[in-house]
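Notes follow once the structure below has been shown.
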Amino acid sequence: MKKLLFIACFLPVVALAQTSKVTPMNQSVRTVTATPPAPVPVDPNAPVNPNAPVFKFSEESFDLGQIPQGIPASHVYTFENTGKEPLVLSQATASCGCTTPEWTKEPVLPGKTGTVKVTYNAAKEGAFNKTVTLMSNTGTSKYLVIKGTVLPKPADPVTAPANDQK
């Protein structure tokens, strides 16, 4: 009987605890709607560095074509610094973990060239289109694209039984 009385008193307390919200007496409850910040307008009168480094790629997109599944494929993008100051690539970020960029780490002097090697691991069959974002001291991001189609692995040939002895 005592158990039944305890359960009868305990259940309403549990039900109320799940539906109520405790708010300190000196605080009011309010809902705040987040609005994105307004875009910062670009000042057309802002000074432009006439000596800034400038990327000049021979190509910014490359199609690897059809590649076999499970065999990584790479392409090397070459760029020239056509600006008047050294170009420094600070970061290269791939759009997914299946793509790996490697880039020239030392400053590229005006008139000299650097490289960005992009490797796709080709683990999943089907078409792909991946982007590598380059961050540098040029003042803008640069985007490289690598694409292609991964062909499925050929089926393993049927092997004859090894214990065929006459």
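Hydrophobic cluster membership differs between V88 and V132, with clusters built from Ile, Leu, Val, Met, Phe, Trp and Tyr side chains linked at under 4.5 angstrom. If you chain together hydrophobic residues whose side chains sit under 4.5 Å apart, I71 and I146 never meet in one group.
Side-chain contact check for S136 versus K142: every heavy-atom pair is 4.5 Å or farther apart. Counting only heavy atoms from C-beta outward, the side chains of L89 and F79 approach each other to under 4.5 Å. Looking at heavy atoms from C-beta onward, L151 lies out of side-chain contact with P68 at the 4.5 angstrom threshold. Side chains of C98 and K124 form no contact here, defined as non-hydrogen atoms less than 4.5 Å apart. In this structure the side chain of V118 never reaches within 4.5 angstrom of the side chain of F62, judged on heavy atoms.
The two residues W103 and Q91 make their nearest non-hydrogen contact at CZ2-CA, 4.0 Å. Considering every non-hydrogen atom in both D63 and G148, the closest pair reads OD1-CA, 3.5 Å. The two residues A123 and Q69 come nearest to each other via the heavy atoms O-NE2, 2.8 Å. Across all their heavy atoms, N81 and P53 have their closest contact at OD1-CA, 3.6 Å. The shortest heavy-atom contact between V150 and A122 is CG1-O, 3.8 Å. Contact record, T119 with S74: OG1-OG, 2.6 Å, taken as the closest heavy-atom pair.
Checked by atom type and distance alone, the side chain of S141 never pairs as donor or acceptor with a backbone atom of M135 at under 3.5 Å. The main-chain N or O of T140 is found under 3.5 Å from a side-chain atom of T138 such that the two form a donor-acceptor pair.
Heavy-atom neighbours of K130 NZ from other residues, nucleotides or ligands within 6.0 Å: above the threshold of 12.
A distance of 11.0 Å separates CD in E125 from OG1 in T149, rounded to the nearest 0.5 Å. Taken from OG1 in T113 to NZ in K56, the straight-line distance is 12.5 Å, to the nearest 0.5 Å. Note that the CG atom of L87 and the CD atom of E106 stand 12.0 Å from one another [nearest 0.5 Å]. Expressed to the nearest 0.5 Å, how far CG of L144 lies from NZ of K117 amounts to 15.0 Å. Note that OG1 of T100 and CD of E102 are 7.5 Å apart. Values are rounded to the nearest 0.5 Å. Note that CZ of F128 and OG of S95 are 10.5 Å apart. Values are rounded to the nearest 0.5 Å.
Classified by interplanar angle (parallel below 30°, tilted 30° to 60°, perpendicular above 60°), the ring pair F57/Y77 is perpendicular.
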